[in-house]
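Note that ligands are numbered from 1 as they come in the structure, with each ligand's atoms numbered from 1 the same way.
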Amino acid sequence: MRLILAFALALFASVAQSADRARDEHSAAEPTVVRISAMALDLRVDFAQRTLAGDVTHTLAWADATTTGPAKLVLDTRDLAIERVQARKGDGRWQRVEFSLAERDAIFGSTLTIALPSRMDAVRIRYRTSPEASGLQWMTPAMTAGGKQPLLFSQSQAIHARSWVPLQDTPGVRFTYTARIRTAPGLMALMSADNDPAARADGDYRFTMAQPIPSYLLAIAVGDFRFKAISERAGVWAEAPVLERAAAEFSDTEKMIAATETLYGPYRWERYDLLILPASFPFGGMENPRLSFITPTVITGDKSLVSLIAHELAHSWSGNLVTNASWKDMWLNEGFTSYVENRIVEAVYGREQADMEDVVSQTGLRAELASLPPAQQVLALPPSPGRDPDEALTDVAYIKGQWFLSFLEQRFGREAFDPFLRTWFDEHAFKSVTTDDFLAFLRRELIAKNPGKLTEAELAAWIAGPGLPETAVAATSPRLAAVDVARDDWLKRRVAVAELDTSKWITQEWVHFLEGLPEDIAAERLLELDGAFRFTGTTNGEIAQRWYPITVRAGYFEARPALAQFLRKVGRRKLIMPSYVALAETPDGLAFASQVLQQASAGYHPITRGAVQAVLDAAAK
Ligand code: BES
Ligand code: ZN
């Protein structure tokens, strides 16, 4: 124990000192020299070619504007065809300038270096995207809910914005933007900007995002989207067949906004709308400012999974307002957001629901920690220049981060902790921050003002130590404890499956039930459960995520057709990866998985396709 603590303290000291932690190793841009301060997009959406094509104009802010002589601007790109680059000073004439595109790196793409005669005020780049752009998913009408119109959506986080706009693709740089987007009439274009609920689908749209945002929050979607209001400032965009169900499921959105404002200050982004995408959306949700992108797999009819909305909404404070300066400090976005999410759930749905969700996520974190190398178990991650940030996505940033803030809340009490967090958001609004910034703020605003409550060693164990610190207090839930009893009774054959009183169970109880089943459970026992509860074929993504891997490992082959259907329909990585991992464990499963992937691949987002392929490739070796 001593050793681990000494290790954490040493690491902790290096968090504070390391100069590399200040820069973003996933971008070639040089923000200490020049920053994009505003961006104007003018793009045409071409579904036949699967391209976005047009111009982007960047307004530049140079750190040192007085130096004369040639200068260069370095931007991130991936798979973009750059047609020409122009630059100008003030309102002067646009002049063509030279540029070069470096060799493509599999993770970072191709650095674009623009040679400027002097420190110009703006550059304009004419370009087109590749049909394989990693940040765009192009869908045929058959892949949508409506079935008549094609659909496009972007996913820029972490480093995919560069595949559809040449820019400084780092969360350390913020810019405002305007956009003109042209597409076929009848299709609605939406962005992470000032969408108009009353817009006519005439094919020509203009957007403004007046608050400065980082590149990963740049977003676009085009499709046959309709709007339904939830409140004055909140609403849902979705394809017609999903619109009513989505609006009903997410009808508490306004209550969530109000609850968060009470805790952490005003919502600063004007409207808050949801865009419901097809099930192939690779994430649960994405906090694109003013317009969160949402998977339809959480629409269960009983609101049991609406914490996803609380999560994406919470990012309007933690992430979109106060942003991690690089992906090493992702816990500042996701850990804070998971904490705020749970506070919103508690405020709107009560403590019982919030506690159940806490127990479920802590169970998930413990399981994940068991298989992660110690270096990846820390909140403040070391620089990892060669690593794709999409692959570094673990529960550590989310749940250990959340747990740390809950720990601080318990230590200092809500009377002190709630205002502390609110001030953190206020003082760092529209800024990018590092773990060091948070530690300095914490020491100044909470520890120094409440002496004797928290030691540096305890803090170090949370920030720089692996695993769970000794000071971590586990969440408890009486309802989930009752599930443990029920499961145990059934496993020991004290009660028959029909005698279990599950009539009032919601998603979290089912998930908890499944997660506690022994790894070597026999196929006949699964048959028993399935007969009573019909897990196979469930439309609830969270249940499917847990059920299917169990069936695979138990050799319960009856579930295979429904599993294949689930994997073909859903593209949300978190939901489907566990099944692919389980399948890849045996040669027969691997063959089945490869076959399913072949059929599913066209409907998957590039991010999902890449992740699944990696698992199957590793198993085939
Ligand atoms: N910002 C994330 C999604 C993300 C993370 C995209 C990293 C790309 C890289 C979003 O807010 C999120 O955390 N989504 C979760 C929701 C869940 C934790 C409620 C998801 O998609 O599963
Ligand atoms: Zn998040």
Among the N/O/S atoms of [X], select the one at the shortest distance from the Zn ion (ligand 2) and name it.
X: Glu334; result: OE1
X: His315; result: NE2
X: His311; result: NE2

(request) Select all protein residues for which some heavy-atom-to-ligand 1 distance is less than 4.0 Å, and list them by chain and number. (result) Gln155, Gln157, Phe283, Gly284, Gly285, Met286, Glu287, Leu308, His311, Glu312, His315, Met330, Glu334, Leu393, Tyr398, Arg572
(request) Determine yes or no for a side-chain-to-main-chain donor-acceptor pair under 3.5 angstrom, with Thr170 supplying the side chain and Val173 the backbone. (result) no
Looking only at the aromatic ring of each residue, does the gap between the centers of [Y] and [X] stay below 6.0 angstrom?
X: Phe281; Y: His605; value: no
X: Phe430; Y: Trp269; value: yes
X: Trp317; Y: Phe336; value: no
X: Trp327; Y: Tyr216; value: yes

(request) Could you tell me whether the Zn ion (ligand 2) has an N, O or S atom of Glu287 under 2.8 Å away? (result) no
Would you please classify the geometry between the [Y] ring and the [X] ring as parallel, tilted or perpendicular, with 30° and 60° separating the classes?
X: Trp424; Y: Phe441; value: tilted
X: Phe513; Y: Trp505; value: tilted
X: Tyr580; Y: Tyr604; value: perpendicular

